[in-house]
K.L.:
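Just dropping this structure here.
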Amino acid sequence: MSEKFSLSIEDLHVSYQLSGSAGKNKIARAVDGVSLQLHPGETLALVGESGSGKTSIANAVMRLLEPTSGKILLDGVDLVPLQGSELRAMRRNFQMIFQDPFESLDPRQRVIETVMEPLEIHGIGENQEQRRDLALAALAQAGLRPAADIGDRFTHQLSGGQRQRVAIASAIILKPSLIIADEPVSMLDVSLRAGILRVMADLRDQLGVSYLFITHDLSLAWMFADRIAVIYLGRIVEEASAVDLIENPMHPYTKALVSVIPVPEAIEGASRTILSGEIPSPSSIPSGCRFHPRCPLFRELGEPEKCLNEDPLLQISAKSESHLVACFFSDPSKGDTQ
Amino acid sequence: MSRKDATLTTHGFKYFLRKLWRDPMGRWGLLILLITSFVAVICPIFFPFDPSKVGVDASSILTGPSQTHWLGSDELGRDVLRQFFSGARISLFVGIMATIISTIVGSGIGVFAGYYMGRLDGFLMRITDFFLVVPALPLMIALGAIFGQNITVIIMVIGFLSWPRTARIVRSQTLSLRQRQFVPRAKSLGSTNLRIIRTHITPHVMPLIVANTILVVAGCILSEATLSFIGLGDPDRISWGTMLHFSFVSGAIGRGAWWYFLPPGFGILFIVLGFTLVGHSFEKITNPRHRGES
Ligand SMILES: Nc1ncnc2c1ncn2[C@@H]1O[C@H](COP(=O)(O)OP(=O)(O)OP(=O)(O)O)[C@@H](O)[C@H]1O
Ligand code: SF4
Ligand SMILES: [Mg+2]
């Protein structure tokens with residue numbers, strides 16, 4: 001490997017065995033061949049609607065579920081074959097902030113215990129005293145002040161925003177190289193979101209951590225991330241720098257998402273494309289291009305055979321080497337004029 | 001810290017005593033337990049019972065309450081009141097010892113089955129179902145024949161036959177706790193399964209285990225009384241159940257020697273009632289459905 005990545009996901013597949021009520025045992029291919037790379041200190045946003053496979057990717061990277069196939073390289077080490085104590089020792093290098101702060105923190109623990117737990121697990125710090133100090137520092141870094149005061153409370157006594165800060169504190173305390181944040185603000189009150197994101201951005205600058213930032217909100221990704229990958233039904237359909245993706249979306253799916261961003265400077269004056277239909281189930285992925293049943297371009301072009309029979313790969317676009325798109329007909333000249 | 005967030009880990013023993021006392025059911029139960037433990041623990045110290053101190057002649061047998069024997073005498077002319085005191089001690093002792101076995105085995109199996117699920121769960125639950133249907137009586141008779149009728153065998157038999165209910169309750173709560181997101185979070189931090197069980201599962205099932213344990217004591221005392229009444233008790237350690245047994249076989253009941261069979265009979269009723277009331281009251285206090293989960 002010529003380039004050094006913080007995280008490199010290679011051809012990841014995650015499938016779930018569905019115990020069908022109809023008697024048939026179906027397989028849901030929730031993640032269907034995803035490759036992603038993150039440079040050290042970079043933030044990559046993974047954007048997609050509900051059911052597109054975002055959490056499945058996060059859980060696979062966190063080794064909370066067994067991927068069907070694929071490689072997950074963290075600082076060059078493949079996590080997939082690791083087991084037991086080897087894996088547990090590795091875990092200090094990659095941490096996760098979960099979506100729901102009301103569920104992810106143990107309500108019977110004190111805040112300070114929650115933040116000290118990672119240190120205890122990995123035997124960091126010489127004694128409780130030292131661990132306590134580290135935990136208090138992490139709480140302060142996450143913006144919880146006075147840290148000692150909040151540390152003594154039980155997690156269930158905190159508000160959602162405070163809890164998510166506790167989760168952030170406990171994620172950074174091990175100084176990981178990668179943090180996966182799975183919709184870290186989607187469960188929070190809108191007024192609290194900016195604060196949480198600011199803390200996360202500050203930590204990125206201070207600690208040089210890379211983020212895999214998962215969200216269904218493209219405008220949030222645009223604000224927070226360096227690069228954006230758009231996922232649809234278990235596949236990345238477009239990937240580019242945040243600015244490039246918002247300003248020059250190429251894939252019809254991305255275009256539709258961009259067109260409904262509120263106050264979109266990039267495409268001001270453009271009409272909104274509301275996608276018809278729902279995202280199909282990963283247990284019955286459409287043939288050819290999986291987006292074709294909902295694709296406006298497909299209809300516009302008179303339903304070309306190619307979209308029905310061939311699966312478009314994520315490829316470097318004609319326009320830029322760092323702009324990848326998975327569509328046969330994504331000529332940028334057609335872009336903003338629809 | 002707000003008062004309403006009652007949990008076993010966040011509040012001490014005193015807190016729960018206060019809560020129990022405020023609940024009428026819990027208060028009556030506590031009062032009963034206080035009296036019975038006084039009878040079982042303190043009284044035998046001042047009025048010890050000597051089983052070999054039998055009456056001198058036939059006239060001292062099954063006599064009614066008198067100046068010398070406040071609760072009369074038994075079929076061997078021994079003091080019934082002293083026997084009642086020491087019987088309380090034996091009944092309580094057997095009940096508590098059997099409960100300790102039952103709780104350790106039941107909670108352990110319940111937590112492991114619920115946490116690991118899958119094949120281990122299936123295996124452990126099959127064992128649980130097996131123990132659920134093992135009949136106590138034949139087992140007791142068989143073990144009694146092998147090891148002799150002694151108190152250890154009784155404790156073991158009752159203890160090892162009463163854990164399945166605990167295991168099932170604990171397992172079902174563990175199963176639901178396991179779905180909570182703080183379990184994968186702990187795993188993602190690098191926790192071992194045993195650590196997760198210790199720090200994230202046990203504190204949550206503890207109130208349930210405690211409430212259940214108190215109820216199990218009642219059941220175990222009753223089991224002991226039943227086994228002893230039908231003559232499977234330890235003849236050297238006379239419990240309330242054993243007293244009932246001897247009062248029955250000696251014909252005291254037929255002769256209307258109420259002072260011999262009424263005290264242990266009411267004693268059993270009383271103590272079982274006490275544990276049951278406290279157990280249910282505790283359950284009410286700690287059950288999330290009654291106070292909003294924390
Ligand atoms: N344990 C599971 N068993 C079966 N199917 C699952 C399971 N987990 C997820 N799925 C399915 O896999 C697909 C992807 O789910 P996933 O949770 O990864 O999506 P997501 O992008 O995170 O969605 P959301 O925005 O709703 O969180 C969905 O269709 C979902 O129904
Ligand atoms: S390949 Fe065809 S169906 Fe797929 S996005 Fe492009 S135009 Fe639409
Ligand atoms: Mg999700």
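Chain identifiers are assigned alphabetically (A, B, ...) following the order of the sequence lines, protein sequences preceding nucleic acid strands; residue numbering begins at 1 within each chain. Atom set for the values below is all heavy atoms of this structure, side chains included, hydrogens, waters and symmetry mates excluded. Note that the coordinates shown come from a computational prediction; the quantities given were computed from them, not determined experimentally.
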K.L.:
Is the shortest side-chain heavy-atom distance between B:Arg185 and A:Ser170 below 4.5 Å?
P.N.:
yes
K.L.:
Using a 6.0 Å cut-off, check whether atom OH of B:Tyr116 has over 12 heavy atoms from anything other than its own residue.
P.N.:
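Check passes, neighbour count above 12.
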K.L.:
What are the residues of residues 212-221 of chain B, in order of number, with any heavy atom under 4.5 angstrom from a heavy atom of chain A?
P.N.:
none
K.L.:
Please tell me if the side chains of B:His204 and A:Pro107 come closer than 4.5 Å, counting only heavy atoms from C-beta onward.
P.N.:
yes
K.L.:
Output, in order, the C-alpha distance, side-chain angles, deciding distance and verdict of side chain to side chain contact (heavy atoms under 4.5 Å, CB included) for A:Glu120 and B:Leu189.
P.N.:
CA-CA 10 Å; A:Glu120 281 162 12; B:Leu189 293 175; over 6 Å; no
K.L.:
Return the CD to CD distance between B:Gln179 and A:Glu103, rounded to the nearest 0.5 Å.
P.N.:
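If I round to the nearest 0.5 Å, the distance is 10.0 Å.
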K.L.:
Please check if the number of heavy atoms outside A:Glu66 that lie under 6.0 Å from its CD is greater than 12.
P.N.:
yes
K.L.:
Counting heavy atoms not belonging to A:Glu129, are there more than 12 under 6.0 Å from its CD?
P.N.:
no
K.L.:
Calculate, to the nearest 0.5 Å, the distance between atoms CG and CG belonging to A:Asp106 and B:Leu177 respectively.
P.N.:
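If we round to the nearest 0.5 Å, A:Asp106:CG and B:Leu177:CG are 8.5 Å apart.
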K.L.:
How long is the span from the CD atom in B:Gln181 to the CG atom in A:Asp100, to the nearest 0.5 Å?
P.N.:
6.5 Å
K.L.:
Grab the two heavy atoms, one from B:Ser191 and one from A:Arg88, that are nearest each other, plus how far apart they are.
P.N.:
O-CD, 3.7 Å
K.L.:
Any chance you could measure A:Met62, atom CE, to B:Ser188, atom OG, to the nearest 0.5 Å?
P.N.:
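The OG atom of B:Ser188 is 4.0 Å from CE of A:Met62, to the nearest 0.5 Å.
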K.L.:
Less than 4.5 Å to any heavy atom of chain B: does that hold for the side chain of A:Leu64, its backbone, both, or neither?
P.N.:
side chain
K.L.:
With a sphere of 6.0 Å drawn around CZ of B:Arg168, does it hold more than 12 non-hydrogen atoms of other residues, nucleotides or ligands?
P.N.:
yes
K.L.:
Using the rule given for side chain to side chain contact (heavy atoms under 4.5 Å, CB included), can you reason through A:Gln109 versus B:His200, listing the C-alpha separation, both sets of side-chain angles and the distance that settles it, and then say yes or no?
P.N.:
CA-CA 8 Å; A:Gln109 273 188 322; B:His200 297 289; 3.5 Å; yes
K.L.:
Of the backbone (N, CA, C, O) and the side chain (C-beta and beyond), which part of A:Glu117 lies under 4.5 Å from a heavy atom of chain B, both, or neither?
P.N.:
both
K.L.:
Hey, could you give me the NZ/CG distance between B:Lys187 and A:Leu87, rounded to the nearest 0.5 Å?
P.N.:
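Output value for this atom pair is 10.0 Å.
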K.L.:
A:Met90, A:Arg63, A:Arg91: which one forms the most heavy-atom pairs within less than 4.5 Å of chain B?
P.N.:
A:Arg91
K.L.:
Between A:Thr114 and chain B, with a heavy-atom cut-off of 4.5 Å, which part of the residue counts as in contact: side chain, backbone, both or neither?
P.N.:
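Answer is both: backbone and side chain atoms of A:Thr114 are under 4.5 Å from chain B.
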